[in-house]
Amino acid sequence: MAQLEVHNLNLSFGGVMALAGVSLRVEAGELVSIIGPNGAGKTSLLNCISGFYHPQRGRILFEGHDLTRASPHEITRYGIARAFQNIELFSGLTVLENLMLARHTHLRYGLLSALFFYGRPLREEVRNRRAVEEVIDFMELEPYRKALVGNLPYGVRKRVEVARALALSPRLLLLDEPMAGMTLEEKEDMVRFILEMKARGLTVVLIEHDLGVVMDISDRVYVLDFGQVIAEGAPEEVAKNPRVQEAYMGVEA
Ligand SMILES: Nc1ncnc2c1ncn2[C@@H]1O[C@H](COP(=O)(O)OP(=O)(O)OP(=O)(O)O)[C@@H](O)[C@H]1O
């Protein structure tokens with residue numbers, strides 16, 4: 001069984017079929033990209049995997065658990081975290097506070113366990129702080145740890161958004177256009193971080209419009225068009241596929 005298995009998802013909004021029978025498998029430790037033209041259904045697919053949308057048909061299994069109807073909060077606790085296309089940070093808080101808050105909101109023990117195991121909250125706090133400091137170090141955010149997120153340049157905020165997801169200690173990271181709007185240098189840094197995550201064994205599912213990056217770093221690529229998977233495989237196979245060239249690159253097959 002693959003770490004993530006998506007079977008035959010259907011999702012529609014009124015008359016619009018955002019996903020029409022989408023299936024996808026991701027093995028532990030893989031870096032899989034999802035590409036496709038605007039409106040192809042990429043973000044909808046990520047929204048289903050992260051529990052923000054619930055498909056009308058189909059199943060989502062992660063490490064054998066059926067997460068099809070789970071809430072975003074439950075999904076985070078199962079080990080899936082997501083960095084958003086539109087940065088979801090508190091601009092009035094520092095980088096450190098944003099990361100700590102993410103862990104508190106999503107991974108906290110309940111009030112009851114805090115009452116019964118009074119040693120636990122303190123140990124948990126120490127663990128939270130250590131995890132967050134490791135992420136700050138990993139994403140090279142030390143110079144900004146006490147800076148208010150609202151005062152940071154856009155490229156750094158994108159990096160903090162990825163760090164926020166990493167702070168949840170996921171086993172699967174979903175990245176929705178983490179390089180959109182970045183300078184070339186910032187993109188190169190982000191590519192380096194993503195490759196380093198993979199080297200450390202993290203599974204990554206990436207939506208990215210920069211085909212050069214996708215072809216360079218992905219183990220496998222899924223191509224969506226009009227809510228369907230039109231091609232899947234190694235980057236070089238997918239790039240040669242005439243349907244992909246026609247749908248995605250605007251080249252006549
Ligand atoms: N909340 C929603 N309400 C209504 N329609 C939606 C909603 N979310 C997505 N859609 C529609 O579903 C289809 C797929 O959209 P989606 O955002 O998943 O595509 P995408 O491939 O991520 O596009 P982009 O590259 O532009 O981000 C589009 O036709 C979109 O208008």
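One-based numbering along the sequence shown. Atoms within each ligand, like the ligands themselves, are counted from 1 in listed order. Values reported hereafter were calculated over all heavy atoms of this structure, with side chains retained and with hydrogens, waters and symmetry mates removed.
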* Side-chain donor or acceptor of Asp219 paired with backbone N/O of Leu31 under 3.5 Å -> yes
* Are the side chain of Lys158 and the backbone N or O of Glu177 linked by a donor-acceptor pair below 3.5 Å? -> yes
* Exam field: side chain Lys42 to backbone Pro37, donor-acceptor pair closer than 3.5 Å -> yes
* Asked: Within a reach of under 6.0 Å around CZ of Arg57, are more than 12 heavy atoms found that belong to other residues, nucleotides or ligands?
  -> no
* Side-chain donor or acceptor of Tyr222 paired with backbone N/O of Arg25 under 3.5 Å -> yes
* Judged by atom type as modelled, is there a donor-acceptor pair below 3.5 Å linking the side chain of Gln228 to the main-chain atoms of Val22? -> no
* Asked: So which protein residues pack against ligand 1 under 4.0 Å, heavy atoms counted?
  -> Phe13, Val16, Ala18, Pro37, Asn38, Gly39, Ala40, Gly41, Lys42, Thr43, Ser44, Tyr53, His209
